[in-house]
*Asks:* 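Here it is, the structure, as structure tokens.
These numbers were taken from a predicted model, which means no experiment stands behind them.
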Amino acid sequence: TLLADLSILPQPSVRLAPTAPDTHLDGGLDVAQTLSTQKLTITKGALATAKTLVLPMAERLTPDRAARLAQALDDGRTAVAFDEGIDDEKLADVLQDRLAFRIITDEITLHAVAKVTIDPDIITKAQERLHRIPTRAADIETLAMLAAQLGIDSMRALDLAFRCARAHAALMAHEMVDETDTLVAAT
């Protein structure tokens with residue numbers, strides 16, 4: 001399943017419901033354990049321990065929670081946000097700006113998802129190649145021109161698109177970013 005395949009993302013991961021208490025994020029006093037052991041027990045929260053945040057029903061995050069999670073992404077964490085909203089419910093802009101991909105699953109069947117496999121060895125080899133893919137000004141300029149033509153003014157979007165192009169190049173075993181990698185990153 002899709003959630004099982006998320007195991008290839010940086011670990012540990014944690015699933016955070018939009019209504020999870022602040023102590024799940026930040027940690028704090030564990031009242032039950034403290035009373036049980038008669039010893040002060042402080043827990044660490046997801047933001048101190050998790051490298052990947054899985055956010056179901058992410059469209060229901062409050063603005064302050066979305067901002068705190070956006071800061072966690074700025075600090076280097078990975079997130080998978082499931083936007084299950086209907087009509088005008090949507091993922092907060094502050095998070096949308098920080099997520100590299102948006103996959104609209106409305107017309108993807110479970111049968112099609114079942115056929116998708118992720119080979120951890122291929123991912124590992126691509127990760128090993130990634131540091132050798134050069135950062136070339138021409139590649140950044142190409143993506144910047146595409147972004148401008150599409151009316152995308154976010155520098156984060158440009159950065160994420162360039163990272164995607166480099167990752168695709170590494171996955172395809174290219175020596176450097178080529179036109180195909182750039183097109184994949186732009187779509």
Side-chain angles (χ1 to χ4, degrees), residues 1-37 39-110 112-114 116-120 122-124 126-127 130 152 154-164 166-168 171 185:
T1 66
L2 176 61
L3 288 177
D5 287 339
L6 294 179
S7 65
I8 65 167
L9 294 174
Q11 295 296 318
S13 66
V14 67
R15 184 179 171 111
L16 284 172
T19 57
D22 286 342
T23 55
H24 285 203
L25 259 69
D26 302 317
L29 177 64
D30 183 333
V31 176
Q33 186 69 15
T34 297
L35 291 174
S36 165
T37 62
K39 198 174 196 182
L40 182 65
T41 305
I42 305 294
T43 61
K44 290 184 178 181
L47 297 181
T49 58
K51 292 184 179 179
T52 297
L53 305 171
V54 178
L55 310 171
M57 298 181 293
E59 76 283 355
R60 295 185 180 183
L61 291 166
T62 61
D64 63 315
R65 177 66 56 92
R68 291 175 65 215
L69 293 172
Q71 179 63 49
L73 296 179
D74 288 345
D75 291 341
R77 285 178 191 77
T78 301
V80 177
F82 292 94
D83 180 347
E84 303 167 48
I86 54 173
D87 299 327
D88 63 343
E89 294 178 317
K90 69 180 190 92
L91 184 64
D93 290 341
V94 71
L95 283 175
Q96 283 189 48
D97 191 43
R98 288 166 170 80
L99 297 174
F101 306 104
R102 180 171 187 179
I103 302 168
I104 300 170
T105 60
D106 294 347
E107 296 188 22
I108 299 174
T109 65
L110 288 176
V113 172
V116 174
T117 59
I118 298 173
D119 184 342
I122 291 173
I123 301 297
T124 299
Q127 288 170 330
L130 183 60
I152 299 169
S154 167
M155 291 302 293
R156 281 191 185 97
L158 180 59
D159 177 54
L160 292 170
F162 183 64
R163 290 179 188 209
C164 175
R166 289 184 67 236
H168 188 266
L171 190 61

*Asks:* Could you pull out all residues at least two apart from Gln127 that satisfy side chain to side chain donor-acceptor pair (under 3.5 Å)?
*Replies:*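 For Gln127, no residue satisfies side chain to side chain donor-acceptor pair (under 3.5 Å) once neighbours in sequence are set aside.
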*Asks:* For Asp87, check salt bridge (Lys or Arg N to Asp or Glu O under 4.0 Å) against everything at least two apart and list the hits.
*Replies:* none
*Asks:* List in chain and number order the residues that pass salt bridge (Lys or Arg N to Asp or Glu O under 4.0 Å) with Arg163, two or more places apart in sequence or in another chain; answer none if no residue qualifies.
*Replies:*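 Salt bridge (Lys or Arg N to Asp or Glu O under 4.0 Å) list for Arg163, sorted by chain: Asp159.
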*Asks:* Among all residues two or more places apart in sequence or in another chain, which pass the side chain to side chain contact (heavy atoms under 4.5 Å, CB included) test with Arg60?
*Replies:* Pro18, Met57, Glu89
*Asks:* To the nearest 0.5 Å, tell me how far Thr78 OG1 sits from Gln11 CD.
*Replies:* 9.5 Å
*Asks:* Less than 4.5 Å apart, any side-chain heavy atom of Leu158 and any of Ile152?
*Replies:*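 No, side chains not in contact.
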*Asks:* Sequence neighbours excluded, which residues qualify as side chain to side chain donor-acceptor pair (under 3.5 Å) partners of Asp119?
*Replies:*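 Asp119 satisfies side chain to side chain donor-acceptor pair (under 3.5 Å) with no other residue.
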*Asks:* Measuring from Asp97:CG to Leu73:CG, what's the distance to the nearest 0.5 Å?
*Replies:* 10.5 Å
*Asks:* How about Leu40 and Leu29: do any of their side-chain heavy atoms sit closer than 4.5 Å?
*Replies:*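 Of all side-chain heavy-atom pairs linking Leu29 with Leu40, at least one is under 4.5 Å.
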*Asks:* Identify, with sequence neighbours excluded, every residue that meets side chain to side chain donor-acceptor pair (under 3.5 Å) alongside Thr19.
*Replies:*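 Residues passing side chain to side chain donor-acceptor pair (under 3.5 Å) with Thr19: none at all.
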*Asks:* Which residues pass the salt bridge (Lys or Arg N to Asp or Glu O under 4.0 Å) test with Arg166, not counting sequence neighbours?
*Replies:* none
*Asks:* Who are the side chain to side chain donor-acceptor pair (under 3.5 Å) partners of Arg77, not counting sequence neighbours?
*Replies:*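 Arg77 satisfies side chain to side chain donor-acceptor pair (under 3.5 Å) with no residue once adjacent residues are dropped.
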*Asks:* So if I apply the side-chain contact (heavy atoms from CB on, under 4.5 Å) rule between Leu61 and each of Leu95, Val94, Asp83, which one comes out positive?
*Replies:* Leu95
*Asks:* Is the backbone N or O of Pro120 less than 3.5 Å from a side-chain atom of Thr124, with the two atoms forming a donor-acceptor pair by type?
*Replies:* yes
*Asks:* If every non-hydrogen atom of Cys164 is compared with every non-hydrogen atom of Ala185, which pair is closest and at what distance?
*Replies:*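 Distance-wise, the nearest heavy atoms are SG-CA, 3.7 Å.
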*Asks:* Please name all residues satisfying salt bridge (Lys or Arg N to Asp or Glu O under 4.0 Å) with Lys90, sequence neighbours left out, ordered by chain then number.
*Replies:*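 Once residues adjacent in sequence are excluded, the partners of Lys90 under the salt bridge (Lys or Arg N to Asp or Glu O under 4.0 Å) criterion are Asp93.
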*Asks:* Can you see which heavy atom on Ala58 is nearest to which on Leu91, and at what distance?
*Replies:* CB-CD1, 3.4 Å
*Asks:* Can you give the donor-acceptor pairs under 3.5 Å from side chains of residues 43-55 to other protein atoms, not counting sequence neighbours?
*Replies:*
{"residue": "Thr43", "atom": "OG1", "partner": "Gly28", "partner atom": "O", "Å": "3.2"}
{"residue": "Thr49", "atom": "OG1", "partner": "Gly45", "partner atom": "O", "Å": "3.2"}
{"residue": "Thr52", "atom": "OG1", "partner": "Pro10", "partner atom": "O", "Å": "2.6"}

*Asks:* Excluding sequence neighbours, so at least two apart, what forms side chain to side chain contact (heavy atoms under 4.5 Å, CB included) with Asp74?
*Replies:*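 Asp74 satisfies side chain to side chain contact (heavy atoms under 4.5 Å, CB included) with Gln71, Arg98, Arg156 once adjacent residues are dropped.
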*Asks:* Taking salt bridge (Lys or Arg N to Asp or Glu O under 4.0 Å) as the cut-off, I'd like each qualifying pair that reaches into residues 23-35, sequence neighbours left out, listed once.
*Replies:*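 Residue pairs passing salt bridge (Lys or Arg N to Asp or Glu O under 4.0 Å), neighbours aside: Asp26-Arg68.
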